[in-house]
Visitor: 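Dumping the structure here so I can ask a few things about it.
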2 protein chains.
Amino acid sequence: MEQPDEFKKVSMAVIKRLPKYHQCLLNLLKDNVERVSSQKLSKILGFTASQIRQDLNNFGEFGQQGYGYNVSQLYTEISKILGLNTSHKMVLVGAGNLGQALANYTGFSTHGFNIVAIFDSNPKLVGRKIKDISIYHVEDIEYIINENDVDIAILAVPQDKAEKIAIKISKTCIRGIWNFTPKEITVNSDIVVENVHLIDSLFTLSYHINEGKLQERLIKQKRKISLTHR
Amino acid sequence: MEQPDEFKKVSMAVIKRLPKYHQCLLNLLKDNVERVSSQKLSKILGFTASQIRQDLNNFGEFGQQGYGYNVSQLYTEISKILGLNTSHKMVLVGAGNLGQALANYTGFSTHGFNIVAIFDSNPKLVGRKIKDISIYHVEDIEYIINENDVDIAILAVPQDKAEKIAIKISKTCIRGIWNFTPKEITVNSDIVVENVHLIDSLFTLSYHINEGKLQERLIKQKRKISLTHR
DNA sequence: ATATTTATGTTAAAACTATCACAAACGGGG
DNA sequence: CCCCGTTTGTGATAGTTTTAACATAAATAT
Ligand SMILES: NC(=O)c1ccc[n+]([C@@H]2O[C@H](COP(=O)([O-])OP(=O)(O)OC[C@H]3O[C@@H](n4cnc5c(N)ncnc54)[C@H](O)[C@@H]3O)[C@@H](O)[C@H]2O)c1
Ligand SMILES: NC(=O)c1ccc[n+]([C@@H]2O[C@H](COP(=O)([O-])OP(=O)(O)OC[C@H]3O[C@@H](n4cnc5c(N)ncnc54)[C@H](O)[C@@H]3O)[C@@H](O)[C@H]2O)c1
């Protein structure tokens, strides 16, 4: 089952770091920095230089001995790898609290991610606009997605509605779902799902805040806490 | 420098799964399920039964051979580990698009995370309320945090303001910062920072959507892409 | 030209995670 | 009370990710 190097799957750990490289290189580019070494990147990003070289080598030989990496070239390559060289059309489903915040945010379109339509089930919202983007009734979603060649659907609906909508749009030309509901959605197709589970993030923060007390508790007990069910 | 077992640091990978266990057990509890085996949890969560047992063993011996885990007990224990047995006071900094969405969300308080004050620099917002929570001027933030024994600060301000505010509140009784700005903030103290980098999440989604094309490109080249800087 | 410095790509080792496998403990039924 | 099926906790194993080391190549200085 050994695969040749070229087709070896890139690990999730590496992929998660790519946006950091992208951001960092964009900053360097803005500062008119022409070249950068893994060493310098290491200083900025806090990853080891070795890791940076290995990460980049998953995708190609972008550097040169004695010179380092050309900032502009590397930025372009990483953009391509992340699929940022072409722009993306998105739809937003759910124009509630979170949906409206996302619709009003300008930071996505600066990277080529544009919301082209918004959907809701609330008749009071349908027909309105957010930043010139029309809100349509969710029943028209499949048609509008296909008609406009939309890439990505942002899910910001109540969690009990998430699954149904996900299944619905999985029959369109949608390639990815950006899911803001706490629900773990599963679509049986080649659609990619990226979850933003804010509660998990908050709980992780809480864990770290609580870590000290947790240790104290264990130290007092002098050994593992053991339970019996009655 | 070997540490005894009880004090061995729990790995990040495990911590990230704890909220999943918590959610899952809450669901079981609601369904009045009394006991559960690692096997059954495995079915629900998609982790291996072995991993689940090892994860839980980082914190104690919560199960019993031949019986499994008592849902209610395990839920309580995981809640304690995550620091959810006591309620948390939070402040929100930045009452813009995202800030308002977060302030209006009820899902945090159901887990004991309550926003007790909101801060902004915009005089038009100061004095108003969101869901009965007053918006104060950000210059009063240190006083109000300390006065109310606030745990957590939510950062939803423009990114160029993030660092300054972070430094300011790091001198209060704040224990954790939940950072929604793209800025990587560093506070030189024992304050925990949890980042929600939405752009990174979107880029990761984009990567996966683009993955197919990326492979094609590599296959056509028949080997790694190699660059020279001139 | 040639030597020296810089810095990559890559191989090897170390550290970290996940899975396997099984003895030991418990529950329940006869 | 004892047997048998269940299921944990754990030590061993396998797999993954990170870090270290270095041969090699380009750039720069001499
Ligand atoms: N607001 C937050 O800060 C926040 C934080 C974490 C998670 N979330 C999650 O994000 C999701 C949205 O949160 P929110 O606060 O914006 O909720 P919300 O109730 O304010 O908005 C939900 C919107 O979805 C619309 N809707 C309902 N059913 C629909 C359907 N079938 N099709 C299309 N639209 C439909 C509603 O009309 C409403 O406008 C929820 O799942 C929530 O759990 C929100
Ligand atoms: N809205 C989104 O969907 C979204 C998505 C990703 C990231 N973000 C990030 O979240 C942050 C907030 O985004 P937003 O869309 O809500 O922006 P916004 O401009 O709507 O809101 C920012 C708010 O912060 C206030 N503010 C400015 N300076 C302040 C200061 N010194 N102290 C206190 N308050 C101050 C402003 O008055 C404003 O109300 C930004 O860093 C943004 O990059 C937002």
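Reckoned from all heavy atoms, side chains included, excluding hydrogens, waters and symmetry mates. Chain identifiers are assigned alphabetically (A, B, ...) following the order of the sequence lines, protein sequences preceding nucleic acid strands; residue numbering begins at 1 within each chain.
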Visitor: Rounded to the nearest 0.5 Å, what separates atom CG in Asp200(A) from atom NZ in Lys16(B)?
Guide: 10.0 Å
Visitor: From CD of Gln65(B) over to C1' of dA25(C), roughly how many Å is that when rounded to an integer?
Guide: 4 Å
Visitor: Any salt bridge linking Lys89(B) with Asp151(B)? Criterion: basic side-chain nitrogen under 4.0 Å from a carboxylate oxygen.
Guide: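 Looking at Asp151(B) together with Lys89(B), the answer is no, because their closest N to O distance does not fall below 4.0 Å.
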Visitor: Atom CG of Asp55(B) and atom P of dC16(C): how far apart are they, to the nearest Å?
Guide: 17 Å
Visitor: Look at Arg53(A) and dG9(C) and indicate whether a side-chain polar atom (N or O) is within less than 4.0 Å of OP1 or OP2.
Guide: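 Answer no for this pair, as no side-chain N or O of Arg53(A) is under 4.0 Å from OP1 or OP2.
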Visitor: side-chain contact (heavy atoms from CB on, under 4.5 Å), that's the test. Do Lys171(B) and Asn146(B) meet it? Break it down for me.
Guide: CA-CA 10 Å; Lys171(B) 287 156 194 154; Asn146(B) 283 325; over 6 Å; no
Visitor: Which of parallel (below 30°), tilted (30 to 60°) and perpendicular (above 60°) describes Tyr207(B) and Phe59(A)?
Guide: perpendicular
Visitor: Check whether the ring centres of His111(B) and Phe203(A) lie less than 6.0 Å apart, and answer yes or no.
Guide: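 Under 6.0 Å, so yes.
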Visitor: Can you tell me the distance, in whole Å, between the CG atom of Asn58(A) and the P atom of dT10(C)?
Guide: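 Atom CG in Asn58(A) sits about 11 Å away from atom P in dT10(C).
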Visitor: In whole angstroms, how far is the C1' atom of dC16(C) from the CE atom of Met12(B)?
Guide: 15 Å
Visitor: Heavy atom of residues 16-38 of chain B under 4.0 Å from DNA chain D: which residues?
Guide: Ser37(B), Ser38(B)
Visitor: Rounded to the nearest angstrom, tell me the gap between atom CZ in Phe62(A) and atom P in dT10(C).
Guide: 12 Å
Visitor: Just jot down the salt bridge (Lys or Arg N to Asp or Glu O under 4.0 Å) partners of Glu194(B), sequence neighbours excluded, or say none.
Guide: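 Per chain and number, Glu194(B) pairs via salt bridge (Lys or Arg N to Asp or Glu O under 4.0 Å) with no residue.
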Visitor: Could you identify which residues of residues 42-52 of chain A place a heavy atom less than 4.0 Å from some atom of DNA chain D, listed by residue number, or say none?
Guide: Thr48(A), Ser50(A), Gln51(A)
Visitor: May I ask you to verify if any side-chain N or O of Tyr69(A) is less than 4.0 angstrom from the OP1 or OP2 atom of dG9(C)?
Guide: yes
Visitor: Which whole-number value in Å describes the distance from Leu56(B) CG to dT8(D) P?
Guide: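 Nearest whole value for this atom pair: 9 Å.
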Visitor: Expressed in angstrom and rounded to an integer, what is the separation of Tyr67(B) atom OH from dG29(C) atom C1'?
Guide: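 It is 18 Å, rounded to the nearest whole Å.
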Visitor: Taking atom types as modelled, find out whether Asp55(B) and Tyr21(B) have a side-chain donor-acceptor pair closer than 3.5 angstrom.
Guide: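 Looking only at side-chain atoms, Tyr21(B) and Asp55(B) do form a donor-acceptor pair, the distance falling under 3.5 Å.
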Visitor: What's the spacing between Leu205(B) CG and Ile152(A) CD1 if we round to 0.5 Å?
Guide: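 One finds 5.0 Å between CG of Leu205(B) and CD1 of Ile152(A).
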Visitor: Counting only side-chain nitrogens and oxygens, does Asn57(B) get under 4.0 Å of the OP1 or OP2 atom of dT8(D)?
Guide: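 Negative; the distance criterion is not met.
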Visitor: With no hydrogens and no angle check, just 3.5 Å: does a side-chain donor-acceptor pair link Glu184(B) and Asn195(B)?
Guide: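 There is such a pair (donor and acceptor under 3.5 Å, judged by atom type) between the side chains of Glu184(B) and Asn195(B).
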Visitor: Counting the atoms with a prime plus P, OP1 and OP2 as sugar-phosphate, which does Gln54(B) contact under 4.0 Å by heavy atoms, base, sugar-phosphate, or nothing?
Guide: base
Visitor: In whole Å, I'd like the distance from the CD atom of Gln64(A) to the C1' atom of dT8(C).
Guide: 9 Å
